[in-house]
Amino acid sequence: MSCNTEQTETHRYCAEVANELESRWQAKWAADDLNSVGNPGDEGFDVSKPKFYCLDMFPYPSGAGLHVGHPVGYIGSDIISRFKRMQGFNVLHPMGWDAFGLPAEQYAIETGVHPATTTRKAIDTFRGQLQRIGFSYDWSREFATIDPEYYKWTQWIWLKAYDAWFDPKAKKAKPIATLVDGLHTGEICSEDGNWDEMSEAKKTSYINNHRLAYLGEQVVNWCPKLGTVLANEEVIDGLSERGGFPVVRRPLRQWMFRITAFADRLLEDLEGLDWPQSTLRMQAEWIGRSEGADVDFAIIDSDDSLCVYTTRPDTLFGVTFVVLAPEHPLIKTLIASPPDGCDSTALKAYATEAKNRADVDRMADAKGKSGVFSGLYATNPATGNAIPIWIADYVLMGYGHGAIMAVPAHDSRDHAFAKAHNIPIVKVVEPNKNEKVADCFSGPGVAVNSSSDLLSIDGLTTAEAQQKTIRWLEENKLGSAKTNYRLRDWLFSRQRYWGEPFPIVFDSEGNHYPVGEAALPVVLPNLDNYTPVESKDPTPLLGKATDWLHTTAGEAGVDPDILPPDTPVTREANTMPGWAGSCWYEVRYCSSNCDTRFVDSEAEQYWMGNGIDLYIGGAEHAVLHLLYARFWHKMLFDLGEVSCNEPFQKLFHQGLLTSFAFQRANKSLVPTDKVSQQGEAFIETDTGKELERVIAKMSKSLKNVVNPDDVIAEYGADTLRLYEMYMGPLEASAPWNTRDIVGVHRFLQRVWRLCSDEHTGEMHASLQEPQDEHVERALHATIAKVTEDIPKLAYNTAIASMIEFVNSATSSGMVTADQLDRFVRLLAPFAPHITQEIYSKLGQQGYIADAQWPTFDPEQLVADSLELPVQIMGKVRGRVTVPAGASNEDVEKAAIEDPAICALLEGLVIRKVIIVPNKIINIVAN
RNA sequence: GCCGAAGUGGCGGAAUUGGCAGACGCGCCGGAUUCAAAAUCCGGUUCCCGUUAAGGGAGUAUGGGUUCGAGUCCCAUCUUCGGUACCA
């Protein structure tokens with residue numbers, strides 16, 4: 001791509017020219033703080049202007065640096081940010097770093113270098129790469145989640161949650177003091193008896209059990225290899241999401257978030273968000289609200305009863321057995337004193353095995369439906385029949401009550417179990433007519449065989465039967481309506497090193513006390529050795545920092561009114577998970593440098609009003625990050641700390657950038673550097689065998705990663721930006737194809753040539769000539785198209801229309817300076833550097849980023865005459881030209897009288913003529 | 001298994017509410033320029049038939065349907081990708 005070899009075309013736009021002018025302008029923009037936006041109250045900040053907060057999901061800076069897939073979304077957000085700014089918005093467009101978390105720590109363990117060092121280095125690399133692409137980020141707002149000035153406030157927010165409870169009546173979070181007050185005045189009734197008569201210890205425990213951030217004993221996913229517990233969301237098929245190591249389940253005391261209290265609001269508030277449908281659905285399914293009933297089953301020959309949850313109370317008459325999860329508390333009793341018919345040895349073996357089995361094994365025989373009979377029977381409350389109680393691992397302890405009523409005729413899992421263990425199957429729902437039915441019908445229908453002395457629901461539809469059954473259950477104190485959620489409380493402790501420490505300490509009796517605000521941040525201590533403690537028992541890594549760990553209440557900053565300063569205390573040795581920092585970063589950007597509060601209120605109200613206007617990021621965060629961040633935001637909103645209920649008003653997922661990869665006949669993949677092309681065929685260098693070219697993710701192992709630095713060196717950043725946006729729709733994934741880049745590069749060359757002479761570098765004299773009407777019309781059409789496409793993020797078609805304009809303007813050879821000026825403004829959001837250069841060459845002062853967005857005249861879009869296709873029986877047979885605004889009669893006349901059409905119509909009878917104004921004419925004739 | 005999205009030339013992809021399928025780019029073919037090449041510029045490029053041309057036919061995963069007219073709407077099937085996995 002060298003352009004200096006040829007004397008005559010020294011001034012052609014090429015890599016050297018692009019790189020020179022791009023670096024020059026970037027330096028100038030940085031020196032002038034072009035992209036610093038300021039806040040309300042700052043000098044020169046015009047609050048009357050509308051705001052546009054456009055946020056990218058901040059990256060996790062890895063040692064490998066950026067590849068070309070990373071900037072796709074960033075370019076997309078940069079274009080609309082620049083566009084909005086030119087339209088007169090105050091635009092907030094920040095960037096920062098999500099820098100705590102497992103990958104950095106794993107990398108540090110491998111290299112032996114402290115994660116702070118490697119992470120800071122990775123951040124510098126990322127920043128440098130991003131800056132070279134020419135984004136309009138306000139870098140003055142940059143921060144990393146590992147900055148103590150930032151995680152101070154992460155800890156502060158956690159303390160807010162620690163110091164809050166969820167009022168179920170008001171359906172909102174409130175300070176914990178309101179709970180204490182309410183209990184004291186009797187406004188709130190404690191389930192544990194009269195508040196004022198409770199012991200101090202009991203009161204404390206009650207309060208602790210109502211905090212939004214609470215210490216809970218949970219069966220956790222412990223990963224011995226990673227040396228940490230993981231959230232349910234971080235475990236996939238029984239293996240850790242990161243690393244793919246086995247995960248076992250064991251009980252542990254951990255910090256939890258009461259996210260389930262917000263389940264309803266997290267679900268309901270999805271409505272009204274401008275998000276991709278698929279993501280809304282995924283969130284809703286993750287929350288998994290279901291409506292049904294709790295039903296009590298009395299155990300025969302016992303005073304105990306069993307509570308089960310069902311979504312199909314209408315099938316109560318079809319319950320032929322009850323199943324308990326292997327972890328169900330009743331099983332301990334069973335093993336201790338086994339009833340007749342109970343093989344306690346088998347039961348014990350089954351329960352123990354199921355408990356210790358990783359979920360992956362448990363699921364491996366999902367179809368198998370193993371189980372043991374308990375020896376006990378329960379009474380079906382509707383029929384009075386005795387039904388057996390079984391223990392089986394297809395019932396999970398973590399959902400409902402860890403026990404189910406089994407309806408084998410109408411639930412496929414119960415059906416499989418009943419078949420395997422010879423349990424009767426009783427049909428109680430008749431499908432609606434004309435409905436295809438498998439041997440186990442689980443849809444709604446009409447109740448049958450559902451009558452007894454106690455209750456009758458025969459003939460009722462499923463919905464009616466459910467209502468009647470629930471009413472009956474409630475009247476007879478046998479159960480009640482119940483709503484359940486799949487969502488569980490959020491496990492928030494990790495045993496790893498590289499995370500935010502919890503601002504909390506324990507006394508010798510294990511009571512916990514918050515660190516006072518003045519003592520924040522609780523700084524992560526330095527460790528010489530952060531290799532995880534690989535063990536059967538969870539052991540936090542910070543336990544090794546003994547000097548830090550053992551301290552006094554005063555030293556730690558605990559309020560002396562709560563605990564005397566000289567009390568020896570132990571710090572919490574767990575750290576927060578990688579998600580913590582990204583739960584509120586969008587708020588911090590409003591005033592990144594504020595050191596008196598987690599965010600400046602005025603700035604927050606201005607920028608976050610109605611939420612972030614556009615949030616762009618990968619679909620892989622559809623559930624976890626977005627759910628967690630919404631939860632934190634709602635908590636802060638309830639507590640009056642932020643001004644809106646939902647942080648992300650509009651969400652957009654950019655597509656995945658894929659790359660070519662090469663596959664052997666056995667589907668194994670070959671690294672790209674071991675492949676050579678011979679004609680149409682791709683050959684593996686080592687074996688000489690032919691390979692198939694397929695599309696795959698970019699990955700180091702496949703050696704199909706493309707580095708943006710290389711692309712910029714060869715074509716310039718403007719070309720990279722244009723190419724990535726021109727590949728296809730922003731939301732679609734597309735394969736990177738180096739060969740195609742030259743297309744948009746040529747486009748920029750033509751833009752350059754439109755302005756100046758390639759031989760002399762001088763501006764074209766013709767720029768002064770009178771304007772060409774066709775070029776002017778084409779320009780208006782292009783302005784209209786681009787203005788319409790950018791808000792839709794339809795950048796590929798916007799670029800196509802600009803290419804069309806340049807092509808037609810080039811061939812006409814008649815472009816004025818004024819037209820060129822308007823055109824480069826149009827192109828500026830996409831290619832900010834070359835357009836800035838031309839803008840300046842045209843004699844404009846200042847920066848194109850601050851220029852006004854060009855406007856178009858709708859009248860210029862209307863042509864004088866139209867060429868319309870004429871169809872006969874739906875096939876295009878000719879075309880006629882009619883003046884714009886011609887009446888339907890005139891158009892029909894023109895079509896029928898057209899000689900070519902006339903000839904084809906010979907011998908046919910015209911039945912009908914359909915005219916779609918300005919579109920088409922169709923003649924129905926036979 | 002269930003849920004969701006998608007399937008258009010050699011390739012990436014265009015195509016308001018049903019209205020000229022293949023915009024734009026790549027690649028390829030031809031031409032100009034050049035001693036030559038690269039670069040650039042101009043023209044062509046869905047497939048099939050037609051020596052060329054005029055012209056004709058087929059065509060948006062597959063098979064049906066609705067309509068004057070279907071890439072777009074309806075039904076069934078296939079394939080790919082994403083999510084989810086005993087949630088009672």
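- If you check every strand for non-hydrogen atoms under 4.0 Å, A:Asn807 touches sugar and phosphate atoms only.
- If you check distances only, the side chain of A:Arg739 never reaches the base of B:C11 with a donor-acceptor pair under 3.5 Å.
- Comparing B:C28 with B:U80, their C1' atoms are spaced 28 Å from each other, to the whole Å.
- Nucleotides B:U79 and B:A85 are separated by 22 Å at their C1' atoms, to the nearest Å.
- Under the 4.5 Å side-chain criterion, counting only non-hydrogen atoms from C-beta, A:Val428 is in contact with A:Val426.
- Atom pair A:Tyr795:OH and B:G12:P shows a separation of 24 Å (rounding to whole Å applied).
- Below the 3.5 angstrom threshold, one finds no donor paired with an acceptor across the side chain of A:Asp740 and the base of B:C26.
- B:G71 sits 15 Å from B:G64 when the P atoms are compared, rounded to a whole Å.
- When all heavy atoms of A:Ala351 and A:Pro326 are compared, the pair lying nearest together is CB-O, 3.9 Å.
- When the C1' atom is compared between B:G9 and B:A61, the two are found 15 Å apart, to the nearest whole Å.
- Taking atom P on both nucleotides, B:C74 is separated from B:G19 by 15 Å, rounded to a whole Å.
- B:C2 and B:G13 are spaced 29 Å apart, taking the P atom of each and rounding to whole Å.
- When distances are taken from the side chain of A:Met282 to each of B:G56, B:G83, B:C26, the shortest belongs to B:G83.
- Between A:Ile803 atom CD1 and B:A23 atom C1' there is a gap of 11 Å when expressed in whole angstrom units.
- With B:C68, B:G13, B:A21 as the candidates, the nucleotide lying closest to the side chain of A:Asn922 is B:C68.
- Among the duplex regions that RNA chain B forms, those built from at least three successive Watson-Crick or G-U pairs under 3.5 Å are B:1-7 with B:78-84, B:10-12 with B:24-26, B:27-32 with B:40-45, B:46-49 with B:55-58, B:61-65 with B:73-77, ordered by first number.
- Between B:A14 and B:G63, the distance separating the two C1' atoms is 27 Å to the nearest Å.
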